[in-house]
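Reviewing the structure listed below.
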Amino acid sequence: MRLSKFFLPTLKDDPVDAVTSSHKLMIRAGMIKQLTAGVYSYLPFGLLVIRKVENIIREEMNAIGGNEFLLPALSPNELWAQTGRLEDYGELMFRIKNRELVLGPTHEEVFTSIAKPSLISYKDLPQVWYQIQTKFRNEDRPRAGVLRAREFTMKDAYSFDATWEQLDKSYNDMAVAYRNIFRRCGFSEIIIVSAFSGAMGGSDSEEFMIPSPAGEDNIAVSEDGKYASNIEVAESYKESVERKNSNLSIEKFHTPDIKSIDELADFIKTKDKSRLAKSRVYVNVTGNGNEYIMVLICGDDEVNEKKLEKHFGMNIRPAQNEELTEITGADAGSIGPAGLKNKKIRIIADNLLKDADELISGANENDYHIKNLDLKRDVPGIEYFDLRLAKEGEETADRKSRLKITKAVEVGHIYKLGTKYAKALGAMFLDAEGKENPVIMGSYGIGIQRTVASFIEESHDDKGIIWKGEISPFKVIILSLGDRSEEVRNLSEEYYRILTAEHKTETLYDDRKEVRPGVKFNDADLIGIPVQLIIGEKNLKEGNVEIKIRKSGERIISRKEDAVNKILEIVKETV
RNA sequence: CGGAGCGUAGCGUAGCCCGGUAUCGCGCCAGUUUUGGGAACUGGAGGCCGCAGGUUCGAAUCCUGCCGUUCCGACCA
C-alpha cells in the first residue's frame with residue numbers, strides 16, 4: 001500500500017479525552033474514530049489489524065471443526081422472553097423503539113433456535129458453531145476507547161453435545177484453540193483464570209486474561225502459578241475466628257460517632273478486627289417482593305458481592321440508607337444481627353465466623369454497639385457461606401503459596417452452559433435409546449477490539465505502537481526520503497515492487513511528496529510497523545540503505561543489493 | 001445509576017468572576033527558501049462560542065432547563 005493513497009490520519013498529540021495508552025495510540029495512529037460514547041468507526045489501518053485477529057480466530061475455530069455463521073444483530077423480544085433474559089439483561093440490552101426487537105448483546109438464543117429443529121438426533125451431535133459479529137450492549141459507562149464499548153465485535157461460539165463427557169471434550173478443544181489464538185496474536189502473557197459465569201448461567205467457566213493496568217478485572221494468581229482465579233470467585237486461606245465458649249452475656253456499650261470498623265477498632269483500642277463483625281444489608285429484588293439479607297463478615301474483610309450473587313442471583317443490591325433505618329432501626333455503622341425488630345431479614349455470615357462468639361457488632365441503635373455476641377446462641381437460623389473477598393498476599397486455600405492480585409483485561413471467556421437454553425427453548429434430541437434429552441451447550445466468546453487494544457497496551461513505547469508477528473498490519477514500511485532525488489525515488493519504487501510482487505510481503509510505502517523526513521520517521525514509529533527500510537541520499541551516495549528495527553531501535557546499514565534479503569530474514573525472525 | 005469535570009475552527013486552548021461581537025498554537029491553502037527525527041518567512045481560508053429559553057440596549061460571558069462527553073465508583077467480551 002502506498003501511503004499517498006492510504007487514509008491514515010495520524011495525530012501529533014494525544015487526544016485529551018483518552019487516558020489509557022491503547023486508546024490514545026489507536027486514535028493517534030488513525031485506527032479508530034469515535035462517533036459517540038462507546039461507539040467507534042474503524043478506519044482502514046485499524047480494520048487491517050482487526051481482520052488479522054479475526055482470521056487467526058477463524059483458522060483456529062475451523063481447526064476444531066467449527067462452522068462459521070453470520071446471525072442477525074436484530075432479534076425478536078419474544079425469543080429473549082422465552083429464556084427470561086429480556087428481563088435479566090434489563091437496561092444492558094438495547095431495545096428498538098418502534099418494533100418489538102432488540103439488538104443482540106450475545107447470541108445463545110438465536111443459535112439455539114437454529115439448533116432446535118436441526119439437531120434432533122444424537123447422530124447430529126456434537127456440533128461447534130460460531131460467528132464473528134457485532135454485539136450491542138448499553139453499557140452504563142463506556143471506558144478506555146474500545147476496551148469497553150457499546151458496540152463491539154465478538155467471536156461467539158457455541159457447542160452442542162449429547163453427553164456431559166462430550167461437553168468436556170468440546171470445552172477442552174475450545175480451551176486449546178483459545179491458547180493457540182492468543183499465542184498467535186503475540187501476547188507475551190496470557191493468564192487463564194477460573195471465573196463466575198455471570199448473567200449467562202452455567203457451571204465451569206474460565207476467562208482469558210491479559211495482565212494490564214488498563215484492565216477492569218482483578219485476578220488472583222498464586223506465586224507458584226498453580227492457582228489463578230478472577231477475584232470474583234477467588235478463595236484464599238485465612239484462619240477462622242475461634243470459638244471461646246466463654247458464654248459471656250451480651251453487653252451494650254456507648255460508641256459515639258463511631259461509623260466504621262476502623263473507628264471502632266481505635267475506640268476500643270484493638271488491632272485485631274476479626275472479631276468486629278461487620279454487618280451489611282442487601283436487598284434481593286425478587287418477583288414477589290424484596291427479600292432482605294444481612295451479611296456478617298470479619299471487620300478486616302470485605303464482602304465479595306459476586307459470591308453473594310452466586311447464592312442469591314443477579315438482582316441483589318446493597319440496601320439504601322432509608323431502608324437500613326427501616327429494617328434495623330439504626331444507620332449504617334450501628335447495625336447488627338442481634339435483636340432485630342424485623343424478623344423477616346435473613347442473616348448469613350462468612351464461613352470464617354462459623355459459630356464464633358465474643359464478637360462485637362452494631363446494636364441496631366445509633367451510637368451503640370454490643371459485645372459478647374455469640375452467633376450460635378444469639379442468632380438462630382444463621383447460615384454460613386464463603387463470602388469474603390480474597391486479598392493480596394494471603395495464602396492460597398491449600399496453604400502452599402500466596403496470592404498476588406493483578407489488574408487484567410478479559411479478552412476471552414469460555415464456559416459450560418449446560419441445558420439452560422436448550423430446556424427454555426425446547427432444543428431436544430433423541431439419544432440411542434430413543435429417549436428425549438435437552439442438548440448440552442457451551443458458550444465461548446472473544447472480544448476482537450479488546451484483543452487489539454490489549455496487545456497495544458502491552459506492546460508500545462513513548463513513540464507509538466510496536467506490532468509484531470501475525471497481527472502486524474504490515475511487515476515492512478519503506479521510507480523514501482527526499483523526493484528531489486530521482487535515484488531515491490526509483491530505488492524506493494523498486495524495493496516496493498520486489499517486496500510486494502515477488503516476495504508477497506505486506507509493505508507500506510511512504511511515498512508522500514513534500515513531507516519532511518522527520519514527519520515520516522515519527523509516523524513510522526507511531527504506527528509501529530516492525531521493520532523500516534529507509535532510503536535517503538546520504539546513505540545512497542555510498543550505495544547503502546538503512547534498516548531499522550522498530551522494537552529495539554537497532555539500525556543496520558546495508559548494501560542496497562543486500563537489503564531485500566536482510567529484510568526478509570528479519571521479517572521471518574519477528575513473525 | 002451515584003459523585004466530579006468539561007463543551008469556543010479539524011485538533012489543543014485563552015476569554016467567562018467583572019457583559020460591548022472571539023485569543024493563541026498545531027493542522028489546512030498559496031508563494032519563497034529549506035530537506036535524515038514533527039522547517040522558516042509572508043499572505044490567506046476556516047466559528048449557529050453544545051442546544052433552547054430567559055435577563056439586558058447588548059450574552060461565549062449572568063440565570064433556568066436540556067443535550068452531549070470525559071473521569072472516579074456499582075455491571076461484562
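First the proteins, then the strands, lettered A, B, ... as listed; each starts at 1. This one's a predicted model, so the numbers in the text were calculated from it and none came from an experiment.
For A:Glu60 and A:Arg184, the salt-bridge test passes: some basic side-chain N is under 4.0 Å from an acidic carboxylate O. A salt bridge between A:Arg2 and A:Glu493 is present, with a side-chain N of the basic residue lying under 4.0 Å from a carboxylate O of the acidic one. One finds a salt bridge joining A:Arg85 and A:Glu108 here, because a Lys/Arg side-chain nitrogen approaches an Asp/Glu carboxylate oxygen to under 4.0 Å. Ion pairing between A:Lys548 and A:Asp525 holds under the 4.0 Å rule for side-chain N and carboxylate O. A salt bridge links A:Arg148 to A:Glu139: at least one charged side-chain nitrogen sits closer than 4.0 Å to a carboxylate oxygen. Checked for salt-bridge contact, A:Arg559 and A:Glu561 meet the test: a charged N lies under 4.0 Å from a carboxylate O. Between A:Arg58 and A:Glu68, at least one side-chain nitrogen of the basic residue sits less than 4.0 Å from a carboxylate oxygen of the acidic one, meeting the salt-bridge criterion.
The side chain of A:Thr36 sits closest to B:U69 out of B:G36, B:C26, B:U69. The A:Val19 side chain lies nearest to B:C71 when the options are B:G36, B:A77, B:C71. Nearest nucleotide to the A:Glu216 side chain, out of B:C75, B:G36, B:A77: B:C75. Side chain of A:Lys548, nearest nucleotide from B:G37, B:C75, B:C76: B:G37. Nearest to the side chain of A:Asp140, among B:G36, B:G27, B:C1, sits B:C1.
Donor-acceptor pairing under 3.5 Å, judged by distance alone, is present between the side chain of A:Glu546 and the base of B:G36.
Atom-to-atom, CG of A:Asp510 to P of B:U35 comes out at 19 Å; the value is rounded to the nearest Å. Remark: P of B:A77 and CD of A:Glu54 are 19 Å apart, rounded to the nearest angstrom. Regarding A:Phe136, its CZ atom lies at a distance of 25 Å from the P atom of B:C75, rounded to whole Å.
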Sort me out a list of protein N/O and nucleotides 10-13 of chain B N/O pairs below 3.5 Å, or just none if empty.
none

Enumerate all atom pairs, one protein N or O and one N or O from nucleotides 39-44 of chain B, separated by less than 3.5 Å.
unit_1 : atom_1 : unit_2   : atom_2 : d
B:A39  : OP2    : A:Arg516 : NE     : 3.1
B:A39  : N9     : A:Arg516 : NH1    : 3.4
B:A39  : N7     : A:Arg516 : NH1    : 3.3

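Aromatic ring pairs are classed by plane angle as parallel below 30°, tilted from 30° to 60° and perpendicular above 60°; the pair A:Trp129 and A:Phe69 is tilted.
Look at A:Arg141 and you'll find a side-chain N or O under 4.0 angstrom from OP1 or OP2 of B:C72. OP1 or OP2 of B:C72 lies within a sub-4.0 Å distance of a side-chain N or O belonging to A:Arg143.
The list of salt bridge (charged side-chain N to carboxylate O under 4.0 Å, His left out) pairs with a residue in residues 445-463 of chain A, not counting sequence neighbours, reads A:Asp461-A:Arg550. Counting only residues at least two apart or in different chains, salt bridge (charged side-chain N to carboxylate O under 4.0 Å, His left out) contacts with residues 534-543 of chain A comprise A:Arg484-A:Glu537.
Remark: the separation of the P atoms in B:A9 and B:C24 is 15 Å, to the nearest Å. Nucleotides B:C26 and B:C62 place their P atoms 30 Å apart, quoted to the nearest Å.
Aromatic stacking is not marked for A:Phe521 over B:G38, as the cut-offs of 5.5 Å for the centres and 30° for the planes do not both hold.
Counting non-hydrogen atoms under 4.0 angstrom, A:Leu481 reaches a base of the nucleic acid. Using a 4.0 Å heavy-atom criterion, one finds that A:Ala453 contacts no nucleic acid atom at all. Among the protein residues, A:Asn539 comes within range of the nucleic acid bases, having at least one heavy atom under 4.0 Å from a base atom. Across all strands, A:Arg150 comes closer than 4.0 Å to no nucleic acid atom at all (heavy-atom distances).
Counting only distance, with no hydrogens or angles, the side chain of A:Asp350 and the backbone of A:Leu387 share a donor-acceptor pair below 3.5 Å.
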Name every donor-acceptor pair, under 3.5 Å, that has one atom in a side chain of residues 37-48 of chain A and the other anywhere in the protein, sequence neighbours excluded.
unit_1  : atom_1 : unit_2   : atom_2 : d
A:Tyr40 : OH     : A:His23  : NE2    : 3.4
A:Tyr40 : OH     : A:Gln34  : OE1    : 3.1
A:Tyr42 : OH     : A:Gln449 : NE2    : 3.1

RNA chain B base-pair string [pairs: Watson-Crick or G-U under 3.5 Å; |: paired with another strand]
((((((((.[[[..)....(...]]].((((((.....)))))).....[[[[[..)....]]]]])))))))....
